[in-house]
2 protein chains.
Amino acid sequence: MTGSRQKPTIYDIAKLSGASPSTVSAALNGTWKARRIGEKTAKKIQKIATQQGYSANLQARGLRKARSGLVGMILPVHDNRFFSSMSQSFEAHARDRGLCPVIASTLRDPQEEIRTVETLISYAVDSLFITGATNPDALSEICIAANVPHIYIDLPGKLAPSVVSDNHLGAELLSRKILQTMPKLDDPLRGRAYFIGGDTDDYASARRVEAFRKTVTHESGDISGDQIIACGYAPGQATREVKALCDRLGGLPAGLFVNSLTAFEGALSYFVTLPPQAFDDCVIGCYDYDPFGAFLQFPVHMVRQNSDKLIARAYEYFDAGTTKADLIMVEPDLIPPRTIYKGRFAELG
Amino acid sequence: MTGSRQKPTIYDIAKLSGASPSTVSAALNGTWKARRIGEKTAKKIQKIATQQGYSANLQARGLRKARSGLVGMILPVHDNRFFSSMSQSFEAHARDRGLCPVIASTLRDPQEEIRTVETLISYAVDSLFITGATNPDALSEICIAANVPHIYIDLPGKLAPSVVSDNHLGAELLSRKILQTMPKLDDPLRGRAYFIGGDTDDYASARRVEAFRKTVTHESGDISGDQIIACGYAPGQATREVKALCDRLGGLPAGLFVNSLTAFEGALSYFVTLPPQAFDDCVIGCYDYDPFGAFLQFPVHMVRQNSDKLIARAYEYFDAGTTKADLIMVEPDLIPPRTIYKGRFAELG
DNA sequence: ATGAAAGCGCTAACAA
DNA sequence: TTGTTAGCGCTTTCAT
């Protein structure tokens, strides 16, 4: 069994090459030119290292240099289109910078968020990306105490820079699209646009409601309180509310702004009970994107939060080395019905 | 600026408490009972540590103990329902064991897979979960050389234990369901079941085709080669092939076994061009699950690979400390049409 | 152009 | 019951 041999260290390579450990170290970590090691020495050492299957112990290096080469990200769940595409981007950008990404989900549990941030800090992550935190400021305090640069994605923190999707703009685009393309109906109540789903305590939803309000008021002169049904994100609740709305109106409204994929799923489970022609005089929009939206029996406008752009901006912020707490806005994309979006990683299944 | 202070070490705590570093170490890492440290000493130290905001430097611990407390997983992409739910399970199980999960995607690039495995090994991961590898054996060699326990998920490796979804069983269940519920049509060609999508070079698909073959032969006495259209996973290709098939048959076949979500997406982009009644005499099944399948205008049976079970079995294997290279089979679930599956993390958006 | 040696923060013998 | 000490593998002055 040769398989159980230990991994070689710089001391092993030093012995084999006749050079000292520090020379080996320099030869192998790229600093040899700066350290004025002879080219032939360096090459020789590198050759031996390769032969021996040497690779640096990154824990040891991290310990010595007090930076690990790890970048951390915390998010609520992996199992979600938005967050998983963030992971994908986060990772790609980390690789571009020679860093090793560590992504952890916290299940929207404040305790878990704190524990996770502490764990990542214990592994000496060089910086931390935080998304979907329930209590940003508590996390910032921990990071600040540990001297770890951090940035919030999609949800602003007061104590650190943040990159957020421009919810107001996205909702405005979607609202306007709905209002401008929806049919004129005789029934005044059915002829209006309705906003469904989400929680106005939530930063993102509050901004979207605000934009919906503004746009509807702008286009139709006024808006009534019952046009906004912020019934939370749970699919079941959305199902009930959409059904109640349609029962009240005697049919689908002319316009429907659905404020999240989960609410959309809920609405859909009511929609499948409807005949196809029920959708003839209704324009539907969904804030959030899922490719399957393209395959429904009725067209639906979707807003796609550009996760890659959010992540890219965050990295750029760190690259720039700026230090003041900024709020960086990223515009979302309005996706026309029946569009199958091809993203950066679209060809991979 | 108190924020820029360094993190306290056991030496700081030692000074403050009057105890020695090793006593502090034991008091703070839980080994103090075994080390026969007095309870009051331990408590005092712990109190001071908390006050000082101490947390262990896990790199240093890892270096000393030669195990990092990290568990690695590599997968092709994050941005995929199956893999992201694997991530979710992988992480939950890691947490249960007090380990820190590091998940890396390799974009189905053999070079990237190797680089990533090497990186994770350099961080001294305690074990490695590998899924969707293009060249398992090469990765095993690296892991074996570095003495890192590893396990393959969903794709068997020859040199290490593997937990795989029982593709044969899943395909058999789905095939049987399709065959037993599909309508009897007068047209003999339309009256058959067809298999579309996937690549027979691929381990999983090969097993599925095998099961489809067997089941069809068993139920209808024989099978013709043109019932199997393994046209790859690309949506575009599936669109073309489904369209060609329907053109040839003069309508949808009585049964259609679609062999992946991506192929299904492709089929759907043809289906949206069809009138709803086109689906009246066609039973559709899809190997792989997406909740949006529940919202289509026609019913579709889906097979859900139970990612949580795959991961759980893999962890159990390590827990058991067994060493021989096993092949562990996990049965997938057949999901009836219009079912919105509620998983372990279903309530989290 | 290269080597010797200290030390990053922690744990684990071994002493006491 | 607790302290002393060596050393995990690496980087980095400081010498030479």
Side-chain angles (χ1 to χ4, degrees), chain A residues 5-46 49 52-70 119 121-124 126 146-147, chain B residues 5-46 49 52-70 119 121-124 126 146-147:
Chain A
R5 267 188 65 267
Q6 283 306 313
K7 286 192 62 179
T9 71
I10 48 170
Y11 292 95
D12 299 320
I13 309 296
K15 274 206 186 89
L16 287 169
S17 66
S20 76
S22 63
T23 304
V24 172
S25 172
L28 264 23
N29 69 14
T31 58
W32 61 272
K33 278 205 123 155
R35 286 220 51 216
R36 332 186 118 264
I37 306 290
E39 172 138 18
K40 58 177 65 167
T41 318
K43 292 278 176 256
K44 190 178 81 186
I45 292 172
Q46 287 160 4
Q52 298 296 313
Y54 171 84
S55 70
N57 180 325
L58 264 20
Q59 296 206 92
R61 173 180 294 170
L63 178 59
R64 179 60 233 245
K65 305 223 295 185
R67 23 183 26 246
S68 60
L70 300 168
T119 303
I121 289 176
S122 289
Y123 278 107
D126 296 341
N147 222 339
Chain B
R5 266 188 67 265
Q6 284 305 313
K7 286 192 63 180
T9 72
I10 47 171
Y11 293 96
D12 299 319
I13 310 296
K15 274 207 186 90
L16 287 169
S17 66
S20 76
S22 65
T23 304
V24 172
S25 171
L28 296 176
N29 69 16
T31 59
W32 61 272
K33 279 206 123 156
R35 286 221 49 216
R36 332 187 115 263
I37 306 289
E39 171 139 19
K40 58 177 65 167
T41 319
K43 291 279 177 256
K44 190 178 81 184
I45 292 172
Q46 286 161 3
Q52 298 297 313
Y54 171 84
S55 71
N57 180 325
L58 264 20
Q59 296 207 90
R61 174 180 294 171
L63 178 59
R64 178 62 232 244
K65 306 223 295 184
R67 31 184 19 249
S68 61
L70 300 169
T119 303
I121 289 176
S122 290
Y123 279 108
D126 296 340
N147 222 339

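Each chain gets a letter, A, B and so on, in the order its sequence line appears, and its residues count up from 1.
Atoms CD1 (B:Ile13) and P (C:dT11) sit 13 Å apart, rounded to a whole Å. Taking atom CD1 on B:Ile10 and atom P on D:dT2, their separation rounds to 16 Å, with Å as the unit. Rounded to whole Å, the distance from CG on A:Leu63 to P on C:dC10 is 9 Å. Taking atom CD1 of A:Ile45 as the reference point, atom C1' of C:dA1 lies 11 Å away to the nearest angstrom. As rounded to whole Å, 19 Å separates atom P of D:dC10 from atom CZ of A:Arg67. Atom-to-atom, NZ of A:Lys65 to P of C:dA6 comes out at 22 Å; the value is rounded to the nearest Å.
Against DNA chain D, the stretch residues 21-29 of chain B makes heavy-atom approaches under 4.0 Å through B:Ser22, B:Thr23. Residues from residues 53-61 of chain B with heavy atoms under 4.0 angstrom of DNA chain C, sorted by number: B:Tyr54, B:Ala56, B:Asn57, B:Ala60, B:Arg61. For DNA chain D, the neighbouring residues in residues 30-41 of chain A, judged by any heavy atom under 4.0 Å, are A:Arg35.
Applying the salt bridge (charged side-chain N to carboxylate O under 4.0 Å, His left out) rule to B:Asp126 yields the partners B:Arg67; only residues at least two apart in sequence or on another chain are considered. In this view, A:Arg35 satisfies the salt bridge (charged side-chain N to carboxylate O under 4.0 Å, His left out) rule with no residue, not counting sequence neighbours.
Of all heavy-atom pairs between B:Ala42 and B:Ala27, the closest is CA-CB, 4.0 Å. Here the closest non-hydrogen pair linking B:Trp32 and B:Glu39 is CZ3-CA, 3.8 Å. Across all their heavy atoms, A:Val24 and A:Ser17 have their closest contact at CG2-OG, 4.1 Å.
Rounding to the nearest 0.5 angstrom, the gap separating the OG1 atom in B:Thr41 from the CZ atom in B:Arg36 is 13.5 Å. Remark: B:Asn57 CG to A:Ser68 OG distance equals 9.5 Å, nearest 0.5 Å. B:Gln52 contributes atom CD, which lies 10.5 Å from atom OG1 of B:Thr9 (distance to the nearest 0.5 angstrom). Atoms OG and CD1, from B:Ser25 and B:Ile45 in turn, are 10.0 Å apart once rounded to the nearest 0.5 Å. From B:Ile10, atom CD1 reaches atom OG1 of B:Thr23 across 10.0 Å, with rounding to the nearest 0.5 Å. Within the model, atoms CD1 of B:Ile121 and CG of B:Leu70 stand 13.0 Å from one another, a figure rounded to the nearest 0.5 Å.
Rotation axes derived from the C1' atoms of the five outermost pairs at either end of the helix from C:dA1-D:dT16 to C:dA16-D:dT1 lie 40° apart, to the nearest 10°.
Between the side chain of A:Tyr11 and the base of D:dC10, at least one donor-acceptor pair of N or O atoms lies under 3.5 Å.
A side-chain donor-acceptor contact under 3.5 Å links B:Lys7 and B:Ser55.
Side-chain atoms of B:Lys15 and B:Asp12, non-hydrogen and from C-beta on, never get closer than 4.5 Å to each other.
Between C:dG9 and B:Thr9, no contact under 4.0 Å exists linking OP1 or OP2 to a side-chain N or O.
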